[in-house]
Amino acid sequence: MNDTIAAISTTLGVGAISIIRVSGSNSIEIVNKIFKGKDLTKVDTHTIHYGYIVNKEEVIDEVLVSVMKAPKTFTMEDVVEVNCHGGIATTNKVLELILNQGARLATGGEFTKRAFLNGRIDLVEAESVMNLISSKSESNRKVAIQGISGYVSKIIRNLRQEILELLASIEVNIDYPEYEDAEVMTNNKIKPKISKIKLKLEKIMKESENRKILSNGIKTIIVGRPNVGKSSILNKLLDEERAIVTDVEGTTRDTVEGSITLNGVSLNIIDTAGIREAKDIVEKIGVEKSLSLIEEADLIILVLNNNEKLTTEDYKILESCKNKKTIVVINKNDLERKINLNEIKYKNIIYTNTIDLNGIETLKDKIMELFNLNQLEQKDYTCLNNIRQISLAKEAYSILGEVEKGIQEKVPIDMVEIDIKRVWEKLGEIIGETYTEELIDQLFSQFCLGK
């Protein structure tokens, strides 16, 4: 953090202008050494200056140089931006000269990382910067802007403040029971406060999940034993022969993917290898991949054979999907029923066959019903904008449920306090109040160079 970094902040190629960004305590002096024009060390902050970038006596380019002095900059360090003519050769030469004067080439996202570490922005705002750059839809852009503005972070901070005040009241009761002016905190008094916090967190989680579905679509995995009709269902959903279909068990060895749109929402479908005791190494890899994808899916389409009794493999698959949104498809309903439906403890069950389209439209309707796609609309753009943030919010929400359960079971208040502190810490991880170096390095490494 004590050195000066530089990088090209615009896309490298032929264009009207390119921008080289420099940040650090020596940024003004470094650029001044190769700038022919005003003495940049003596100019006012937040000013733009016309001149030339030179290499000794050779003129490299005609430029405009922006000088912005700490702390009122993006990184809270001295920042200089050289606006040169767009072009690979010119841009690279200007950067080369800056690096030769003592600057270091910045790593991906290092400018934003410095903004975070210097307290200019929090993690939600930092991640929103990258989301804004990569936005491909109007809803994504609006969500990113809300994150950059700090409004989402403010909501999280307000929740943490409510929890902190609650913890302070509990601490006073535990440490200073003789303090008469303090409100006596009992489980009954804590419960409504916890319920209120939980309700607020639930609202932002719901909006975040809606946004995730609208932006990213629904990751859908088709699972089941070999030869139950998974690939045929994929082909019927896509209305094309994407997957190979035969009567030979284990035809699908790897995943086959496709996508359709339901009411404006993308359904990203993956047909997996049939799950059974693998007979060879290739099939074994396919089966292991199928099982791992279950954990990542937003929706599981679990296919069973109407014409066969449930097998050991069927029971294992049913068990592995029990905590996921799942639609059970009883396929081949044109054949004699041998399956025992009483053994299937799932409420979303439909019947289909893949000889005709019977049941496929019912499956689509069930998906729309399960995800409320007929009414799903992004109105409130105040939401968490990635899986990391949503996962932490879910963990905090789950812990709040444990707090409510503890209160219900009359657990001692000092024990309840431990879980409340955990909620406060999880919410802190969302905005970066608490973090590890590994997390920060991993997050900012995903940013583009020069940002």
Side-chain angles (χ1 to χ4, degrees), residues 113 116-117 119 121-131 143-144 146-148 150-171 174 185 187 189-212 216 295-296 298 323-324 380-409 411-444 446:
K113 180 180 179 180
F116 167 71
L117 293 175
I121 56 177
D122 61 37
L123 269 191
V124 170
E125 293 167 327
E127 289 175 306
S128 296
V129 170
M130 196 61 215
N131 289 338
V143 170
Q146 285 286 62
I148 290 173
Y151 191 72
V152 177
S153 301
K154 183 179 178 181
I155 292 175
I156 299 298
R157 285 195 171 88
N158 287 343
L159 285 176
R160 293 188 86 223
Q161 184 61 33
E162 289 183 44
I163 294 170
L164 197 60
E165 291 171 2
L166 180 57
L167 287 169
S169 299
I170 294 172
E171 287 286 348
I174 294 173
M185 297 301 294
N187 281 352
K189 287 189 176 180
I190 293 173
K191 186 176 180 180
K193 295 178 185 290
I194 291 297
S195 297
K196 182 181 177 183
I197 293 168
K198 189 179 178 185
L199 193 64
K200 289 180 180 178
L201 187 57
E202 184 176 23
K203 181 179 183 295
I204 195 169
M205 283 169 55
K206 184 178 179 181
E207 291 294 341
S208 301
E209 289 291 349
N210 286 352
R211 203 282 310 177
K212 179 172 171 283
N216 303 334
E295 292 302 314
E296 304 171 11
D298 300 312
N323 295 321
K324 305 289 292 187
D380 187 353
Y381 292 92
T382 307
C383 54
L384 306 173
N385 56 35
N386 61 34
I387 292 174
R388 183 193 73 85
Q389 296 170 17
I390 294 172
S391 296
L392 287 168
K394 285 181 176 179
E395 288 181 49
Y397 186 81
S398 177
I399 298 168
L400 285 171
E402 293 174 21
V403 172
E404 288 183 325
K405 183 179 178 182
I407 293 171
Q408 190 72 26
E409 295 175 353
V411 171
I413 195 168
D414 54 339
M415 298 299 292
V416 171
E417 182 194 18
I418 294 173
D419 281 338
I420 297 175
K421 282 182 179 176
R422 288 172 60 207
V423 175
W424 185 78
E425 289 168 356
K426 288 295 178 187
L427 294 178
E429 287 182 48
I430 293 175
I431 56 177
E433 290 292 332
T434 54
Y435 63 87
T436 63
E437 291 296 331
E438 292 80 7
L439 170 67
I440 296 305
D441 290 341
Q442 191 270 332
L443 281 178
F444 287 103
Q446 300 173 34

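Source: prediction; values computed, not measured.
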From Arg160 atom CZ to Ile155 atom CD1, the distance as rounded to the nearest 0.5 Å: 15.0 Å
Name the residue from Asp419, Ile420, Leu427 that meets the side chain to side chain contact (heavy atoms under 4.5 Å, CB included) definition with Val423. Leu427
Within the 4.5 Å heavy-atom criterion, are Leu167 and Glu417 side-chain neighbours or not? yes
Is Glu409 atom CD crowded by more than 12 heavy atoms from other residues, nucleotides or ligands, each under 6.0 Å away? yes
Quick check for you: to the nearest 0.5 Å, what is the distance between Ile170 atom CD1 and Ile418 atom CD1? 11.0 Å
Is any side-chain heavy atom of Lys191 less than 4.5 Å from a side-chain heavy atom of Ile194? no
CD1-CD1 distance between Ile190 and Ile197, expressed to the nearest 0.5 angstrom: 10.5 Å
Out of curiosity, Glu296 CD to Ile387 CD1, how far, rounded to the nearest 0.5 Å? 9.0 Å
How about NZ on Lys324, more than 12 heavy atoms from neighbouring residues, nucleotides or ligands closer than 6.0 Å, or not? yes
Grab the two heavy atoms, one from Ser195 and one from Glu404, that are nearest each other, plus how far apart they are. OG-OE2, 3.2 Å
Taking C-beta and beyond as the side chain, do Gln389 and Ile156 meet within less than 4.5 Å on heavy atoms? no
Give the minimum heavy-atom separation between Leu384 and Ala393, together with the two atoms involved. CD1-CB, 3.6 Å
Carboxylate-amine/guanidinium contact Glu425 Arg422, below 4.0 Å: no
Could you tell me the separation between the NZ atom of Lys154 and the CD atom of Gln161, rounded to the nearest 0.5 Å? 12.5 Å
Ile430 and Leu123 have their tightest heavy-atom pair at O-CB, 3.7 Å
So, applying salt bridge (Lys or Arg N to Asp or Glu O under 4.0 Å) with Glu162, which one of Lys200, Arg157, Lys193 is it? Lys200
Quick one: does Glu395's side chain get under 4.5 Å of Glu429's, heavy atoms only? no
Taking only residues two or more places apart in sequence or in another chain, which ones pass side-chain contact (heavy atoms from CB on, under 4.5 Å) with Ser398? Glu402
With Trp424 as partner, the option from Ile399, Ile163, Leu166, Leu159 fulfilling side chain to side chain contact (heavy atoms under 4.5 Å, CB included) is Ile163
Smallest heavy-atom separation, Gly150 atom then Glu125 atom, equals CA-OE2, 3.2 Å
